[in-house]
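Have a look at the structure below before the remarks.
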Amino acid sequence: MLLISRIRENHEEIIERLKTRGLDMSEIVNNILTVDANARRTRNEMESAQAESNQLAAQIGKLIKEGKKDEAESIKNRTSELKTSVKELSEKVQGLENQLKELLYTIPNTPNVSVPRGKSADDNKEVKKVGEPKQLTQKLPHWELAAKYGIIDFDLGVKLTGAGFPVYRGKGARLQRALIQFFLDEGYKNGYTEVQPPLMVNEASGYGTGQLPDKEGQMYHVGVEDLYLIPTAEVPITNMYRDVILKEGDLPVKNCGYTPCFRREAGSYGAHVRGLNRLHQFDKVEIVQIVKPEDSYGVLEDMSDYVQSLLDKLGLHYRVLLLCGGDMGFTSAKTYDMEVWSPAQEMWLECSSVSNFETFQTNRLKCRFKNEQGKTELAHSLNGSALALPRIVAAILETYQTENGIVVPEVLRSYTGFDIID
RNA sequence: GGUGAGAUGGGUGAGUGGCUGAAACCAGCAGUUUGCUAAACUGCCGAACGGGUAACCGUUCCGGGGGUUCGAAUCCCCCUCUCACCGCCA
């Protein structure tokens, strides 16, 4: 949620920035300004009525103590008048403030100045490409390799649960576990504190990171207990800092965590969801940072570099995209996507997304810190996948396939305990 | 699932109708003093919103919502959550 104070001060600039997303929000922004002015004026009226009423109530108390009952009674008439007008005004204020909130919820984050204009993925800017597409003598897609070596069983998952819930077995399961461990160890080496959060969250957490109210349909809902299965570790890990005032010395907060992620992915179908490309349950290691505002863009680059270092170590061909305004998430001010090359499908697969949310999340979360002047100030929040497993597994299987089997990348061997899947 | 207790500021925890935005203690900040990785003493120390250049002023907030009252942390109703004991159980 954008800060109302920022809209008051810089509404022209905000409208301009939002054009980067291909949106014209001028009408809504102007609407907000009117409603806000209205709400403030009404609130002022209400507060002065309350102030008078409070004062009179204090007087009455005093008079009663002094035994001047008659005087007290005469003042009571005036306070009951005030009481009704306070009630009316407060209802009006509440109405206006709700209206304001509704309007604010509809405005996405303002893209940073470095974000390119654009409407769709076609307008994303490739900022880096590392490696070359692997030249393969055999070129089987990962789902065929998975079947050939018996490491991932999609049909069995359908039997147990449904499409999008694969069963990993044998070396497939070990490879999964190796990747998770590798990513967590790398995170630890880079100063991230590991967290094992709950896999279900309550409604308040859903609102905190913005999954609720609009993206309700994306999450699995456990009705009996009214809880949601997490779509990403970002939800519980970021919500740890909901309603928290950090000390300046606590920043930067650097957390990483492995969790399974659950996504309904309603409406997805077709060839691009084949195999591991899109699942309802998948594993991911997430990194989250809470930082001082002036540091957040430097940290975004650090996090992006860190994610790239993982892909480098795995020896995969990848590229880094700076997302254009139209392709960025609602809450992000700047996002880099990392896409890994799938040599058999001959397409790029998104495997990480690193974003700076500035105060968009922390405003709703009320995640603040006390700055040097002793003032509480909203922190900036960032997160990124480091990394999401399925597409990495797909890329590894396809990239390292040989006639003799799939060669395990060097860095994983101490974790897997084997160097070839055959 | 059953029974009982509770929800107060960064933490512990007083407070049963006006003098309480809230005692005390701890933590934190500033200073004084003695000086060796510290003690003693003094002062400050919640948040949000609005107004003012500022000092400052006003309003709201004691789990959430509603009610009684001139006046509610304190009384009444509803909800949520937490804890303890019992039952069940990885």
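Residue numbers begin at 1 in each chain, while the letters A, B, ... track the order of the sequences. The structure presented is a predicted model; accordingly, all values stated were derived computationally and were not measured.
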Problem set entry | Over 12 foreign heavy atoms within 6.0 Å of CZ, A:Arg413 |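 More than 12 within 6.0 Å, yes.
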Exercise. Going by an N to O cut-off under 4.0 Å, is there a salt bridge joining A:Glu144 and A:Lys148?
Worked result: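 So A:Glu144 does not pair with A:Lys148 through a salt bridge.
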Problem set entry | Residues A:Lys92 and A:Glu45 bridged, charged N to O under 4.0 Å |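 Judged by the 4.0 Å cut-off on N to carboxylate O distance, A:Lys92 and A:Glu45 do not form a salt bridge.
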Counting the atoms with a prime plus P, OP1 and OP2 as sugar-phosphate, which does [X] contact under 4.0 Å by heavy atoms, base, sugar-phosphate, or nothing?
X: A:Ile60; answer: base
X: A:Ala58; answer: nothing
X: A:Ile64; answer: base
X: A:Ser48; answer: nothing
X: A:Arg41; answer: nothing

How many Å lie between [atom1] on [X] and [atom2] on [N], as a whole number?
X: A:Asp226; N: B:U80; atom1: CG; atom2: P; value: 11 Å
X: A:Asn44; N: B:U59; atom1: CG; atom2: C1'; value: 9 Å
X: A:Met46; N: B:U60; atom1: CE; atom2: C1'; value: 8 Å
X: A:Ile245; N: B:G46; atom1: CD1; atom2: P; value: 11 Å
X: A:Glu97; N: B:C49; atom1: CD; atom2: C1'; value: 8 Å

Problem set entry | C1' spacing across the pair B:G21 / B:U60, given as an integer number of angstrom |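 About 11 Å, rounded to a whole number of Å.
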Exercise. If we call it a pair only when both distances are under 3.5 Å in a Watson-Crick or G-U wobble match, what pairs with B:A14?
Worked result: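 Here B:A14 is not engaged in any pair, so there is no nucleotide opposite it.
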Seminar exercise, completed: Re B:A30: Watson-Crick or G-U wobble partner, both distances kept under 3.5 Å, found to be B:U42
Exercise. Between A:Asn112 (side chain) and A:Val115 (backbone), is there a donor-acceptor pair under 3.5 Å?
Worked result: no
Is the phosphate of [N], meaning OP1 or OP2, less than 4.0 Å from a side-chain N or O of [X]?
X: A:Asn77; N: B:C70; result: no
X: A:Ser74; N: B:C70; result: no
X: A:Lys87; N: B:G67; result: yes

Problem set entry | Distance-only donor-acceptor test (3.5 Å): side chain A:Glu47, base B:G58 | yes
For this session: Kindly assign one of parallel, tilted or perpendicular to the pair A:Tyr192 and A:Tyr306, based on the angle between their ring planes and the thresholds 30° and 60°.
Result: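 Tilted.
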